[in-house]
Amino acid sequence: MPSDPLDLTIVITAHSEGRLLRPTVRSVRASLAAAVASGWACELLIVADTANERTRAEARRWSDRTDLPFRVRLLETSHGESGASRNAGAAEARGEFVGFVDGDDLVSVNYFPVAMTLLAATDDPAIVHPDYVVSFGARSVVWRTDSASDPEVSYRDLVRHNLWPSSALTRRSYYLAHPYRSLHPDSGYGPEDWMWNIETTIGGVAHLVAPDTVFFYRVRETGGVNNRHATSVPPAFDLDGLRAALPALTPPPESPTTAPTPTRGMRSLAHRAYQLVLPTARWSTQWLSFEAKHGIYRGVRRIARLALPHRTPPAPEPVLPAPEPVLPAALAEAFADVVEIEPAVTWTAFSAANLAVWRARDDGYGKFLDDAVRAVGDRRRAFVMVPWIGVGGADLVALNYARALQASPAYAGLVTIVATSLPERTRRDLIPDDINVVQFDEGWLALDPGMRRRMIAQFLVQARPELILSVNCHHLTDALPAYSRQILDGTRLFATLFAFDRVGAGYPTNPITDDSQRAYLDDIDGLITDNTTTAALIGDILALDPDRILVHRQPALDALPDFEPRAGTSDEVFDDLHPFRLLWPHRLDGEKRPDVLVALAHELRARGLPVVIDVWGQRVLTSDGDTLLHELAEVGVVYRGPYSGGLPSLPLRDYHALLLTSQSEGLPLVLVQSLLLGLPVIASGVGGVPDIIIDGETGLLTEGPDDITGFADAVGRLLHDGALREALAAHGYDFAARHHSWAEFSRTVDAAFAPVAAASD
């Protein structure tokens, strides 16, 4: 055991590298020899953590060597995790300074001596990384790192990227004061060196760069740390502390005396033109997906810019031949040395002059995440996650849950609605003032889909709510297959599935069933629907136990109105001057089957029944939308236009019954409202409709939307039987009041989402 003090211990952490450990140690040997030649007393410590036999044999081969200018030691551990093995290496090291290299990577010859010179020159807490990182193997990338003191480096960059590679040198005391987090590979968290870089930055240790040094990072096709970390997210960290330690860039304020430049004036004019065109664009694109629609909005902006007065462009500069790319001297020298040790670097070296040098900068991800976490504040116990809050049935459901949770003792004041889609789709005026709202910046939708999934996961890990209720939030559903372990680590999650949309020739689709693997369903706490028919269907499709499917009957009005039938008295007589009026108050799209009204109107006319059908609802523009409206008008069906505020906003006293002709449904809240407001219902017996419309008791059912005879028979019965109208109205009100009141719903919410600790008392 030598008693002389050591300046530097280089720790190689090895696991299952096998023969790949050989070139790593060879490159480390060359750099350590250069450090020794510069006057530094050094040692090499190989930490073989749960290493396989080939790796242990290679490590022993080096520890048995006596012909090196430094000592080699072997430490065998069984942590099975990179952070813990690094911590063990730091504890075992005898040098005043310690550096780490993973067991399949390589370093330039000058790395250790240059880093030591930099560290010895400062008494301030500092960590030194290589100047360049070259990825080789499965992909070739040249990455130029930056010191934390670089004015262009922001904390948001570090939120978005791991700014510095795993290889670093610093004082051993700093490693002991800031140990790596132990993140087991199965946890889904990582990389541990990213977390270490974040936490040391928060702790006031400066990250520096050793000029002209190179680190060679081996990228494997399969396996390895780099592939495992591709679907990892960092565990929660002190974002406020990071923000304080590495402030964001602050652009210099524009002088108020600066005269507007032509570019600035043109941009203003383009913006005014865009604002003029925007309302038309919004109306004419409502039938599209919202992401597609947003693309059209961007096109409108471009068109507005093109519509500006023509400007004569400046004369083009003469085109000169592009210079041949020149590899920086430090990289060229490092490549020349390393390819003799590891020829696998050759093809990367051969093409390096043509590779763009990458720098880790936030592409918006860090800002979007930071803004969302800050908007949560301390109101993070319960999240209701939605794409948006509008005026549809699912929007009303989301508001119901948010309001019920806010009113519960366990979550009062700690509820946040998280909206992930386009901000323009959310109606803030519908959300009570006492409920917090986090609206994702629309720019996040332009991120790569993989980064969107990762950002959702990192946002939820960072905020860590106790409860998540996802009401048709497809962005969250999309993230669960890859990140359910991280999202659900200490968080309970319930998701809704009310009905299936239909595409093509009526094929069913839903974000939950679109995932063909569905492994995450074993991890979430349950699926919520609003009727027993859908509950049985999704249980059968998804092979879920019945106790994992919750049926929550939704309230449709803030308060129960007094019973007041709207269908007229039992002796009311109808004729052409006083027709029987039917209300069809739904969105005009294929799922709602407005085309049925054409056939029904023909049938009612053929029977000589004095009936008028009024259509209220948002028109969804399709290629045949104008044709449908023309056909409706031809048979006397009147389109009254869109409405908001639910059935109470319509003149219900003008109508005698409500029609629902849908192809598929969950349990439409418009039916609950109709019963509570005393308006009898005639409905397709699809989906969850029979849960509330019991044929002959609370309403009348048909066999489906194409049962024109059934619809006409039901209309005839109500038209001729005033007693039936009154009985259906009374029984329907009683049923809806008992099963769909706010009091009943609040009891359901309290029982389903009671905090686990409280539930176990």
Side-chain angles (χ1 to χ4, degrees), residues 8-11 13 47 81-93 95-102 105 111-112 114-116 118-131 133 143 145-183 189-210 213 215 217 225 229 232-248 360-362 366 370 458 461-462:
L8 174 64
T9 298
I10 292 299
V11 178
T13 53
V47 177
E81 186 270 304
S82 297
S85 61
R86 287 196 181 105
N87 292 337
E92 180 68 17
E96 179 184 358
F97 297 88
V98 175
F100 283 100
V101 177
D102 287 343
D105 299 327
Y111 178 29
F112 300 149
V114 173
M116 286 295 290
L118 195 60
L119 286 169
T122 180
D123 293 326
D124 295 329
I127 297 165
V128 176
H129 300 275
D131 193 359
V133 178
W143 165 22
T145 62
D146 296 293
S147 295
S149 59
D150 189 307
E152 292 188 1
V153 174
S154 160
Y155 76 95
R156 288 172 176 163
D157 301 328
L158 190 50
V159 170
R160 172 63 177 89
H161 301 284
N162 189 358
L163 290 185
W164 303 289
S166 58
S167 186
L169 277 70
T170 190
R171 292 183 182 275
R172 176 174 177 268
S173 59
Y174 297 157
Y175 278 119
L176 299 181
H178 301 281
Y180 287 89
R181 283 205 201 184
S182 184
L183 303 174
Y189 293 122
E192 66 287 326
D193 54 285
W194 190 359
M195 279 307 305
W196 187 76
N197 288 335
I198 290 173
E199 291 178 333
T200 50
T201 298
I202 294 170
V205 186
H207 287 257
L208 308 178
V209 169
T213 60
F215 179 72
Y217 178 63
V225 173
H229 286 161
S232 298
V233 294
F237 56 86
D238 180 5
L239 184 54
D240 291 336
L242 182 63
R243 197 182 296 117
L246 198 62
R361 291 290 184 266
D362 180 30
D370 181 38
Q458 191 169 355
V461 166
Q462 195 66 39

Query - Separation between OG1 of T201 and CG of L246, rounded to the nearest 0.5 Å - result: 6.0 Å

Query raised in the report: Would you say S147's side chain and S149's backbone share a donor-acceptor pair under 3.5 angstrom?
Result: no

Query raised in the report: So, does W164 use its side chain to make a donor-acceptor pair with the main chain of D146 at under 3.5 Å?
Result: yes

Query raised in the report: Who passes salt bridge (charged side-chain N to carboxylate O under 4.0 Å, His left out) against R171, sequence neighbours left out?
Result: E96

**Report entry** Which atom of V98 lies closest to which atom of A93, heavy atoms considered
**Finding:** CG2-CB, 3.6 Å

**Report entry** pair T13-S82: side-chain heavy atoms closer than 4.5 Å
**Finding:** no

Query raised in the report: Side-chain contact, heavy-atom cut-off 4.5 Å: H207 with L163?
Result: no

Query - Partners passing ring pair (Phe, Tyr, Trp, His ring centres under 6.0 Å) against W196 (at least two apart in sequence or in another chain) - result: Y175, Y180

Query - Student check: side-chain heavy atoms of V47 and F100 closer than 4.5 Å - result: no

Query - Heavy-atom pair of closest approach, residues S167 and Y111 - result: OG-OH, 3.1 Å

Report task. Look at the side chain of R181 and the backbone N and O of D193, then say whether any donor-acceptor pair between them is shorter than 3.5 Å. Result -> no

Query - Set of side-chain hydrogen bond (donor to acceptor under 3.5 Å, both in side chains) partners for T9, sequence neighbours left out - result: E43

Requested in this report: Starting at CG of L158, measure out to CZ of F237 and round the result to the nearest 0.5 Å.
Outcome: 7.0 Å

**Report entry** Shortest non-hydrogen separation from S166 to R86 and the atoms involved
**Finding:** CB-NH2, 3.5 Å

Query raised in the report: Do you know which two heavy atoms are closest between P234 and M195, and how far apart they sit?
Result: CB-SD, 3.5 Å

**Report entry** Any residue meeting side-chain hydrogen bond (donor to acceptor under 3.5 Å, both in side chains) with S182, in chain and number order, not counting sequence neighbours
**Finding:** E81

**Report entry** Residue pair V114 / A210: nearest heavy atoms and the distance that separates them
**Finding:** CG1-CB, 3.8 Å

Report task. Using the test ring pair (Phe, Tyr, Trp, His ring centres under 6.0 Å), find all partners of F215 that sit at least two apart in sequence or belong to another chain. Result -> none

Query raised in the report: Is a side-chain donor or acceptor of D157 paired with a backbone partner of S154 at a separation under 3.5 angstrom?
Result: yes

Report task. Tell me, please, which residues at least two apart from D105 pass salt bridge (charged side-chain N to carboxylate O under 4.0 Å, His left out). Result -> none

Query raised in the report: Can you tell me how far NE2 of H178 sits from OG1 of T170, rounded to the nearest 0.5 angstrom?
Result: 8.5 Å

Report summary line: With sequence neighbours left out, the residues meeting side-chain hydrogen bond (donor to acceptor under 3.5 Å, both in side chains) with N87 are none

**Report entry** T213: partners by side-chain hydrogen bond (donor to acceptor under 3.5 Å, both in side chains), with sequence neighbours left out
**Finding:** none

Requested in this report: Output all residues satisfying salt bridge (charged side-chain N to carboxylate O under 4.0 Å, His left out) with D240, sequence neighbours left out; order by chain, then residue number.
Outcome: R243

Requested in this report: Using ring pair (Phe, Tyr, Trp, His ring centres under 6.0 Å) as the criterion, list what pairs up with H161, not counting sequence neighbours.
Outcome: W358

Report summary line: Taking every heavy atom of A168 against every heavy atom of I127, the minimum-distance pair comes out as CB-CG2, 3.7 Å

Query raised in the report: How many angstroms lie between CD1 in I198 and CG in N162, if you round to the nearest 0.5 Å?
Result: 7.5 Å

Query raised in the report: Taking D362 for the side chain and G366 for the main chain, is one N or O donor matched with an acceptor at less than 3.5 Å?
Result: yes

Query - W194 side chain vs V159 backbone, donor-acceptor pair below 3.5 Å - result: no

**Report entry** side chain to side chain contact (heavy atoms under 4.5 Å, CB included) partners of L119, counting only residues at least two apart
**Finding:** F97, A126, V128, L169

Query raised in the report: Under the salt bridge (charged side-chain N to carboxylate O under 4.0 Å, His left out) test, which residues partner R160, sequence neighbours left out?
Result: D363

